[in-house]
Amino acid sequence: MENKLLKELYDHFYTLPKHLAEQKEVDECHQALIKVLKKPERRLVLRIIDAQNQITEVISKDSFITGFQLAWKLSAELNRYENEHPITCQTSNVMSAHFISEKEYET
């Protein structure tokens, strides 16, 4: 991923869900493996878990950025449509989404 701003938005707004049942199961299985495996095999299990966590983080950030980009494109398309069809948009009873400046908002 290249876009630093979108990564920063992800880091700011995304919070990892807590108390996931799946995470509890992973932790329990990990502890069970530690008890029965020797040190080299334990290291291998840790490497697998770390790699899986990295994959999950990359997928999560990619999903966030892709969703954000889609929302941005939809917003731009709606604004373009409203600018090209002002009468239709004014007479429509459908709520529309668009950006307004702070000055426009205050009036």
Side-chain angles (χ1 to χ4, degrees):
M1 279 179 272
E2 300 174 15
N3 197 319
K4 184 178 177 184
L5 176 60
L6 291 177
K7 286 182 194 176
E8 289 173 359
L9 285 171
Y10 171 87
D11 291 338
H12 179 75
F13 288 107
Y14 181 77
T15 55
L16 187 64
K18 295 185 183 201
H19 309 296
L20 293 174
E22 295 83 3
Q23 184 61 48
K24 183 178 177 185
E25 183 178 354
V26 167
D27 293 341
E28 289 170 357
C29 292
H30 179 230
Q31 292 303 317
L33 277 173
I34 286 175
K35 291 177 183 176
V36 298
L37 295 176
K38 294 182 181 175
K39 196 170 188 172
E41 289 84 6
R42 283 185 277 183
R43 284 189 187 138
L44 183 58
V45 169
L46 286 175
R47 287 178 53 201
I48 291 169
I49 291 172
D50 288 345
Q52 188 63 48
N53 287 340
Q54 288 283 21
I55 291 169
T56 301
E57 184 177 336
V58 168
I59 290 171
S60 180
K61 284 183 180 180
D62 186 61
S63 294
F64 175 86
I65 290 170
T66 301
F68 188 91
Q69 289 171 332
L70 175 61
W72 190 264
K73 288 175 185 176
L74 286 171
S75 175
E77 184 64 23
L78 284 170
N79 284 324
R80 186 186 63 76
Y81 180 83
E82 288 178 355
N83 289 335
E84 291 176 0
H85 303 87
I87 295 173
T88 305
C89 293
Q90 289 174 359
T91 60
S92 173
N93 290 330
V94 177
M95 290 177 31
S96 63
H98 57 86
F99 294 106
I100 60 172
S101 70
E102 191 172 326
K103 185 177 179 181
E104 290 174 306
Y105 180 75
E106 292 172 354
T107 59

* Decide whether Asp50 and Gln54 meet the rule of one side-chain donor and one side-chain acceptor closer than 3.5 Å. => no

* Asked: Gln23 and Asp27: side chain to side chain donor-acceptor pair (under 3.5 Å), yes or no, with the steps?
  -> CA-CA 6 Å; Gln23 184 61 48; Asp27 293 341; 2.9 Å; yes

* Cluster question for you: counting only ILVMFWY and a side-chain heavy-atom cut-off of under 4.5 Å, with indirect links fine, are Ile65 and Leu9 together? -> yes

* Atom pair CD1/NE2 of Ile48 and His30 - distance to nearest 0.5 Å -> 10.0 Å

* Structure fact -> Output for pair (Lys73 NZ, Arg80 CZ), nearest 0.5 Å, gives 14.0 Å

* Asked: Which is it for Arg42 and Leu46 under the side chain to side chain contact (heavy atoms under 4.5 Å, CB included) test, yes or no, and what are the steps along the way?
  -> CA-CA 6 Å; Arg42 283 185 277 183; Leu46 286 175; 5.6 Å; no

* **More than 12 heavy atoms of other groups within 6.0 Å of Glu8 CD** => yes

* Asked: So does Lys38 pair up with Glu41, basic N to acidic O under 4.0 Å?
  -> no

* **Hydrophobic cluster identity match, Val36 and Ile49, side-chain contacts under 4.5 Å** => yes

* **Value rounded to 0.5 Å, distance of CG in Asp62 from OG1 in Thr66** => 4.0 Å

* **Pairwise distance OG(Ser75) to CG(Leu70) - rounded to 0.5 angstrom** => 11.0 Å

* Thr56 side chain to Gln52 main-chain N or O, any donor-acceptor pair under 3.5 Å? -> yes

* Check the hydrophobic clustering (I, L, V, M, F, W, Y; side-chain heavy atoms under 4.5 Å; chains of links allowed) and say if Leu16 and Leu6 are grouped together. => yes

* Ionic contact status for Glu57 with Lys61, cut-off 4.0 Å -> yes

